[in-house]
Enquirer: 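Just passing along the structure, written as structure tokens.
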Amino acid sequence: MAEEGKNSSMRPEFPTGRVKKIMKLDPEVQRVSSEALFLVSCSTELFLRFLAEKSAQVAIEKKRKTVKLEHLRMSVKRHQPTSDFLLDSLPLPSRPVDRPTKDRRQSGPDGDKLPPPGTRRIDHFFRKPEEEAPEPRDEP
């Protein structure tokens with residue numbers, strides 16, 4: 001009995017303003033009633049809770065403490081209704097590259113990685129500006 005009272009005054013966890021903005025991104029949606037906003041917020045919360053629980057079960061089966069994308073993908077694959085609409089939207093898992101492990105002490109401070117294009121090292125910000133040689137002043 002006590003739980004029924006809690007559920008009737010249930011408030012969604014997601015910010016209603018943000019959910020409303022997301023709903024209005026659809027060009028066919030002109031207005032959003034408070035009842036529709038409430039139902040979409042609650043159903044989204046229940047769906048995410050479902051995904052989290054199923055993903056956690058997969059992680060436990062794999063004897064992992066951290067839920068990763070591969071666990072989420074596997075839980076979605078196992079539930080056919082969810083798989084039908086969500087699996088194509090999930091990013092593909094990254095494959096680990098087989099590289100020999102390097103000892104960090106042998107590589108330089110930057111390692112052998114190149115920075116992404118357009119980035120600068122932090123010491124570029126703190127070095128003295130390169131100035132041309134000062135012009136000789138004529139003093140009388």
Enquirer: Rounded to the nearest 0.5 Å, how far does CG of Leu46 lie from CG of Leu51?
Expert: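 If we round to the nearest 0.5 Å, Leu51:CG and Leu46:CG are 11.5 Å apart.
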Enquirer: Shared ILVMFWY cluster between Leu92 and Leu72, side chains joined below 4.5 angstrom?
Expert: no
Enquirer: Can you pull the salt bridge (Lys or Arg N to Asp or Glu O under 4.0 Å) pairs that have at least one residue in residues 67-79, sequence neighbours excluded?
Expert: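 Checked against salt bridge (Lys or Arg N to Asp or Glu O under 4.0 Å) - neighbours excluded - the pairs reaching residues 67-79 are Glu61-Arg78.
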Enquirer: How long is the gap from CD1 on Ile60 to NZ on Lys65, to the nearest 0.5 Å?
Expert: 11.5 Å
Enquirer: Name each donor-acceptor pair under 3.5 Å that joins a side chain in residues 22-32 to protein atoms two or more places apart or in another chain, with its distance.
Expert:
{"residue": "Asp26", "atom": "OD1", "partner": "Glu28", "partner atom": "N", "Å": "3.1"}
{"residue": "Gln30", "atom": "NE2", "partner": "Pro27", "partner atom": "O", "Å": "3.4"}

Enquirer: Could you note down all residue pairs passing side-chain hydrogen bond (donor to acceptor under 3.5 Å, both in side chains) where residues 82-93 supplies at least one of them, sequence neighbours left out?
Expert: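 For residues 82-93, and leaving out neighbouring residues, the side-chain hydrogen bond (donor to acceptor under 3.5 Å, both in side chains) pairs sorted by first residue read His79-Thr82, Gln80-Asp84.
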Enquirer: Is there a path of hydrophobic side-chain contacts, each under 4.5 Å between heavy atoms of I/L/V/M/F/W/Y residues, joining Leu48 to Leu37?
Expert: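 Yes.
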Enquirer: Only counting residues at least two apart or in another chain, list the ones meeting ring-ring contact (aromatic ring centres under 6.0 Å, His included) with Phe14.
Expert: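 Per chain and number, Phe14 pairs via ring-ring contact (aromatic ring centres under 6.0 Å, His included) with no residue.
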Enquirer: Nearest 0.5 Å, please: how far is OG1 in Thr16 from NZ in Lys21?
Expert: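 Going from NZ on Lys21 over to OG1 on Thr16, the span is 11.0 Å.
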Enquirer: Output the rest of the hydrophobic cluster of Val58: all Ile, Leu, Val, Met, Phe, Trp and Tyr residues reachable through side-chain heavy-atom contacts under 4.5 Å, sorted by chain and number.
Expert: Met74
Enquirer: Any side-chain hydrogen bond (donor to acceptor under 3.5 Å, both in side chains) involving residues 36-56? Give me the pairs, sequence neighbours left out, ordered by first then second residue.
Expert: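 Applying side-chain hydrogen bond (donor to acceptor under 3.5 Å, both in side chains) to every pair that reaches into residues 36-56, excluding sequence neighbours, yields Glu45-Arg49, Ser55-Ser75.
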